[in-house]
Amino acid sequence: MEAQRRRTRQAPIDMQPEEFRALGYQLIDRITAFMTALPQKPVATDKSPAELRTLLGEMTLPEHGQDPASLLNRAADLLFDHSVHLAHPHFWGYIAGTPAPIGSLGDLLAAAVNPNVGGWMLSPMATEIEAQTIRWLGELIGYGTNCSGVLVSGGNMANFVPFLAARKAKTPWPVREGGLVAGEGRRLRVYASDQTHTWLQKAADLFGLGTDSIRWLPTDDQLRLDPTALRRQLEADSAKGDIPFLVIGTAGSTGVGAIDPLPEIAAICREYDLWFHVDGAYGAAAGVLGPDAPPELAALPEADSIALDPHKWLYVPLEAGAVLVRDANRLVDAFAYHPEYYPDQSDKISYHEYGLQNSRDFRALKVWLALQQVGRQGYRQMIAEDIRLAKTLYHLAETHPELEAFTHSLSITTFRYTPQGLPKGNEAVEDYLNDLNKALVEQFHTSPDAFLSNAVINGKYVMRMCIVNFRTSIEDIEALPDIVVAMGRQMDGRLRPDDLCGKEQAQ
Ligand SMILES: *Cc1c(COP(=O)(O)O)cnc(C)c1O
């Protein structure tokens with residue numbers, strides 16, 4: 001036999017090794033230059049959809065193939081110059097982590113090897129790496145290593161999977177076969193605070209319960225779920241024959257980073273035999289702080305399941321969400337089928353039995369690499385620094401005559417611009433401040449200087465800064481109040497109605 005058979009097929013999509021190497025080096029050189037220049041570049045683009053389409057060109061699908069080198073170069077140009085840059089030191093909008101460079105390289109490696117992490121058979125090493133990653137995530141946040149789980153696309157999916165596991169585990173009839181109608185009018189009920197992320201509506205809708213099955217519970221003045229209201233609602237629903245099955249505690253709300261009283265919720269779930277799920281998509285990562293973590297996180301080990309987004313506060317590139325569960329069987333019970341076309345490999349992990357996906361990418365690799373590059377100490381340092389910076393901004397806003405500080409929790413700070421000389425507590429003034437701050441936030445979505453988002457707190461529209469950004473430093477935070485105030489004065493000059501009191505005192 002010849003050592004190497006002559007290969008006759010020439011697929012147009014294939015690349016010769018020399019070409020691949022040359023293109024790869026070129027691309028890495030360009031990415032490196034881009035990352036080096038990024039802090040001096042605008043954080044966002046101010047181009048309209050129409051302008052971007054013009055740049056793209058209104059062409060039809062190419063009939064014939066094109067040179068890959070120029071395609072890659074053009075793609076890089078388009079993206080480097082017309083993106084909102086999550087890797088920029090001044091990106092503080094929503095809860096979107098700055099991508100770790102090792103994660104970008106990990107994604108390249110994962111895509112090159114391309115294991116299908118749906119079944120062990122197609123991804124032996126990748127499956128074991130994902131299992132180790134899941135255990136490490138549990139260890140990192142204080143959930144413990146005796147946990148299982150699965151990586152998913154992000155927080156929404158990381159909450160959907162436990163929602164379905166809870167539905168299967170706690171419904172007193174065979175819900176996977178009978179569906180919800182088998183309940184004969186008895187309604188499944190899910191409990192969460194009115195601050196819970198909108199994934200919950202999607203889940204209740206998609207999985208057949210309907211959004212009316214959600215009991216939205218009131219929150220206290222710090223926007224944390226009220227456990228007394230939870231107990232009262234559970235009693236009332238059980239008394240009329242409904243079936244409570246799931247309680248959600250949020251660890252780090254999307255709005256202001258509030259952490260629900262998880263120990264009290266855990267105790268109620270034990271008492272009523274309910275599934276206790278923690279939506280820690282953002283805030284569970286702060287569990288790495290151990291004794292210095294917010295005290296409510298000490299109850300994380302009591303959760304039946306936790307959602308945690310490595311693409312938020314673990315700084316891994318999109319997409320990476322994680323489901324952690326105490327008992328892997330609860331996932332298999334909720335998701336597994338055994339078609340003839342898959343071999344029975346019950347002694348091995350097959351991730352298609354752990355969730356909604358069948359074919360799965362190898363997103364574990366970038367998480368696994370990042371966890372090892374910095375270790376527990378590295379994450380402890382970065383997360384503590386993000387929290388400290390958010391706190392510094394709170395103090396700066398508190399002491400600035402034209403800013404009003406609202407909240408600081410975890411790495412989220414909320415504040416608003418309040419021009420001097422406006423009377424307090426006047427409804428027309430409050431309406432105007434809402435309009436003014438809304439206009440400012442919109443401007444911050446296309447500003448070159450900083451990217452911020454918003455929250456609404458007791459009817460007040462405020463600016464919201466979330467630091468899940470290991471590139472932000474104290475100088476960036478100290479510069480922000482002046483940027484906000486300069487923009488605020490301009491906007492106030494433009495927007496303030498003549499009949500609003502205080503106009504004559506405006507500067
Ligand atoms: C961001 C977030 C989600 C949704 O996560 P995605 O990754 O955007 O799907 C859910 N819950 C909380 C608390 C979040 O902060």
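Atoms within a ligand are numbered from 1 in the order they appear, just like the ligands themselves.
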Please tabulate, for side-chain N and O atoms in residues 243-260, each donor-acceptor pair with protein atoms closer than 3.5 Å (sequence neighbours left out).
from	atom 1	to	atom 2	distance (Å)
Ser253	OG	Val256	N	3.4
Ser253	OG	Gly257	N	3.2
Ser253	OG	Ala258	N	3.0
Asp260	OD1	Leu225	N	2.8
Asp260	OD2	Thr250	N	2.9

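When side chains are defined from C-beta on, Asn159 does not count as touching Leu200, because their heavy atoms never get closer than 4.5 Å.
The protein atom (non-hydrogen) at minimum distance from atom 6 (P) of ligand 1 is Gly155 N, 3.2 Å.
Between Asp333 and Arg176 there is no salt bridge, since no side-chain nitrogen of the basic residue lies less than 4.0 Å from a carboxylate oxygen of the acidic one. A salt bridge links Arg416 with Glu430: the distance from a Lys NZ or Arg NE/NH1/NH2 to an Asp or Glu carboxylate oxygen falls below 4.0 Å.
Under a 4.0 Å criterion applied to the non-hydrogen atoms of Asn156, ligand 1 contributes the atoms 4 (C), 5 (O), 6 (P), 9 (O). Proximity to Ile95 (heavy-atom distance under 4.0 Å) selects the following atoms of ligand 1: 15 (O). Those atoms of ligand 1 with a heavy atom of Gly154 less than 4.0 angstrom away are 7 (O), 9 (O). With ligand atoms numbered from 1 in the order given, ligand 1 contributes 7 (O) to contacts under 4.0 Å with heavy atoms of His311. The distance from ligand 1 to the heavy atoms of Asp279 drops below 4.0 Å at these ligand atoms: 10 (C), 11 (N), 12 (C), 13 (C).
For Lys170, the NZ atom sits in a packed shell: over 12 heavy atoms of surrounding residues, nucleotides or ligands are nearer than 6.0 Å.
In terms of polar-atom proximity, His197 is not counted as a contact of ligand 1, lacking any N or O under 3.5 Å from an N or O of the ligand. Residue Trp199 places no N or O, backbone or side chain, under 3.5 Å from any N or O of ligand 1.
Looking at Ser193, its side chain never comes within 3.5 Å of a backbone N or O of Leu217 through a donor-acceptor pair.
Residue contact check for ligand 1: Gly252 places a non-hydrogen atom closer than 4.0 Å to it. Assignment of Met157 to the shell around ligand 1 is not supported, since no heavy atom sits closer than 4.0 Å. At a 4.0 Å cut-off, at least one heavy atom of Lys312 sits close enough to ligand 1 to count as contact.
Considering Phe444, Trp92, Phe91 in turn, Phe91 is the only one that fulfils the ring-ring contact (aromatic ring centres under 6.0 Å, His included) rule with Phe451.
If you look at Asp309 next to ligand 1, the close heavy atoms, those under 4.0 Å, all belong to the side chain.
The nearest pair of heavy atoms linking Leu452 to Met463 is CD1-SD, 4.1 Å.
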